Amino acid sequence: MAKDSLPATIAIDGPAASGKSMLGQALAERLGYAFLDTGRMYRAFTLAAILRQVPPTDSKACAELAAAGRLRVVPGADSRVFLDNVDVTDLLREPAVEANVSAYSAIPAVREAMVALQRQLAASGKAILAGRDIGTVVLPDAPVKLYLDASPEARARRRSTQAAQGETEARRDISGRDRIDSTRPASPLAIAPGAIVIDTTGMTPDEVIAAAMEQIRCAAG
Ligand code: DC
């Protein structure tokens, strides 16, 4: 595939533990894109709010915190996230963040600030963004839109391996987040018009990557 025929942006959406980051990182490495896992931005905002004791019910204070520009993301195979210039990437899977991220990410003003930052990053070069609203809101004109899905059982199994968490607990966390993420009024998780759905339940990572590559090849013409 010729590099200059590659699509400028690739949007990957889907529920928790559907394989978005694995796919985004693999494609970015193979094809030379920048990769941005936007979930990390919402997680970093959540961490900032918890540290400052700003509850998700105080949407005015959350809006101020989001607008304060304390967050910086360096896209890459392992997007690093900085809060006030401190690398907080390794804290983003802490249980307090996991438990509260859906509540903070439902706040419209928080989303506006994150989306502005995401669009800026996407405009700076060839970029793959993964999240919940990339194909619907952040980059609705992305030439390639993928929506990954998998059964709740498969996702809980994957998450429990990644996060050293019991499968029952992972299943509970994931279904709680699925519910909030897909029913919130502001940019709910949804399949974007024109998105290709890949059900990764019984697939190996290589098979998921191959299915995505086929779509990218089609878009590259
Ligand atoms: O992809 P993840 O599990 O790291 O995302 C964490 C949370 O962030 C997820 O439950 C909802 C929110 N999120 C979002 O609302 N929009 C995005 N584009 C990415 C994540």
Side-chain angles (χ1 to χ4, degrees), residues 1-14 18-48 66-90 92 101 105 110-148 187 189-198 200 205-206 208-221:
M1 219 175 334
K3 287 255 178 247
D4 53 4
S5 64
L6 285 170
T9 50
I10 298 175
I12 307 177
D13 289 300
S18 54
K20 303 181 297 291
S21 299
M22 176 286 294
L23 177 62
Q25 282 174 10
L27 294 176
E29 272 165 27
R30 270 180 202 210
L31 302 172
Y33 281 75
F35 172 60
L36 179 63
D37 173 357
T38 63
R40 290 196 177 183
M41 298 171 65
Y42 291 94
R43 287 171 182 271
F45 177 83
T46 301
L47 180 66
R70 299 194 141 119
L71 203 72
R72 194 164 54 83
V73 200
V74 182
D78 179 31
S79 336
R80 306 300 294 183
V81 187
F82 296 80
L83 255 189
D84 295 328
N85 291 321
V86 176
D87 187 340
V88 294
T89 318
D90 295 336
L92 303 180
V101 64
S105 51
V110 172
R111 304 200 66 80
E112 273 166 37
M114 300 298 143
V115 169
L117 211 53
Q118 290 158 16
R119 286 187 179 142
Q120 241 175 49
L121 290 163
S124 62
K126 285 205 175 340
I128 300 175
L129 272 68
R132 302 291 188 289
D133 59 342
I134 309 302
T136 51
V137 175
V138 183
L139 303 173
D141 298 327
V144 176
K145 296 182 192 178
L146 304 170
Y147 185 96
L148 300 196
S187 314
L189 170 67
I191 302 174
I196 302 295
V197 179
I198 304 176
T200 68
D206 281 346
V208 178
I209 296 165
M213 286 292 285
E214 201 179 306
Q215 297 305 323
I216 297 168
R217 245 179 247 120
C218 283

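As the structure is a prediction and not an experimental result, all values here were calculated from the model.
- Scored by the side-chain hydrogen bond (donor to acceptor under 3.5 Å, both in side chains) test, T136 finds no partners at all (sequence neighbours excluded).
- Taking the side chain as every heavy atom from C-beta outward, L27 and M22 never approach each other to under 4.5 Å.
- You'll find the side chain of D87 stays beyond 4.5 Å of the side chain of V81, heavy atoms only.
- Between A8 and P143, the shortest heavy-atom distance links the atoms N-CG, 4.3 Å.
- Not one N or O on the side chain of K126 forms a donor-acceptor pair closer than 3.5 Å with the backbone of A34.
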Listed pairs under 3.5 Å, donor-acceptor, residues 66-74 side chains, sequence neighbours left out:
| residue | atom | partner | partner atom | Å |
| --- | --- | --- | --- | --- |
| R70 | NE | D84 | OD1 | 3.3 |

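- When all heavy atoms are compared, the tightest approach of M114 to F45 is CE-CB, 3.8 Å.
- Interatomic distance, CD1 of I128 versus CD of E29, reported as 10.0 Å (0.5 Å rounding).
- Summarising the geometry, atom CD1 belonging to I216 is positioned 11.0 Å from atom OG belonging to S5; distances are rounded to the nearest 0.5 Å.
- Residue pairs meeting the salt bridge (charged side-chain N to carboxylate O under 4.0 Å, His left out) criterion with at least one member in residues 35-47, sequence neighbours excluded: D37-R40, R40-D78, R43-E98.
- For the pair L189/Y147, a side-chain contact is recorded, criterion being any heavy-atom separation below 4.5 Å from C-beta on.
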Practice problem: Test R111 against S105 for side chain to side chain contact (heavy atoms under 4.5 Å, CB included), laying out the working first. | Solution: CA-CA 6 Å; R111 304 200 66 80; S105 51; 3.8 Å; yes
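- The nearest pair of heavy atoms linking G14 to R132 is O-CD, 3.4 Å.
- Within the structure, side-chain hydrogen bond (donor to acceptor under 3.5 Å, both in side chains) pairs that include any residue of residues 212-221 do not occur (at least two apart or interchain).
- Taking each heavy atom of I12 and I134 in turn, the nearest pair found is O-CG1, 4.1 Å.
- In plain terms, the two heavy atoms of T200 and S18 that are nearest each other are OG1-O, 3.2 Å.
- Every residue two or more places apart in sequence or in another chain was checked for a salt bridge (charged side-chain N to carboxylate O under 4.0 Å, His left out) with D206, and none qualifies.
- Taking the side-chain contact (heavy atoms from CB on, under 4.5 Å) definition, one finds that V115 meets it with Y42, Q118, R119, D133, V138, sequence neighbours left out.
- Legend: residues meeting side-chain hydrogen bond (donor to acceptor under 3.5 Å, both in side chains) with T38, ordered by chain and number and at least two apart, are absent.
- For A142, the side-chain contact (heavy atoms from CB on, under 4.5 Å) partners are T9, A11, L139, K145, not counting sequence neighbours.
- For D13, there are no salt bridge (charged side-chain N to carboxylate O under 4.0 Å, His left out) partners at least two apart in sequence or on another chain.
- With sequence neighbours excluded, the residues forming a side-chain contact (heavy atoms from CB on, under 4.5 Å) with A211 are I198, M203, listed by chain and number.
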Self-check item: Check against side chain to side chain contact (heavy atoms under 4.5 Å, CB included), L6 and Y33
Solution: CA-CA 10 Å; L6 285 170; Y33 281 75; 3.4 Å; yes
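- For the pair A212 and L146, the tightest heavy-atom approach, listed with the atom from each and the gap, is CB-CD1, 3.8 Å.
- A distance of 6.0 Å separates CZ of F82 from OG1 of T89, quoted to the nearest 0.5 Å.
- Within the 4.5 Å cutoff, side-chain heavy atoms of L31 are placed close to those of M213.
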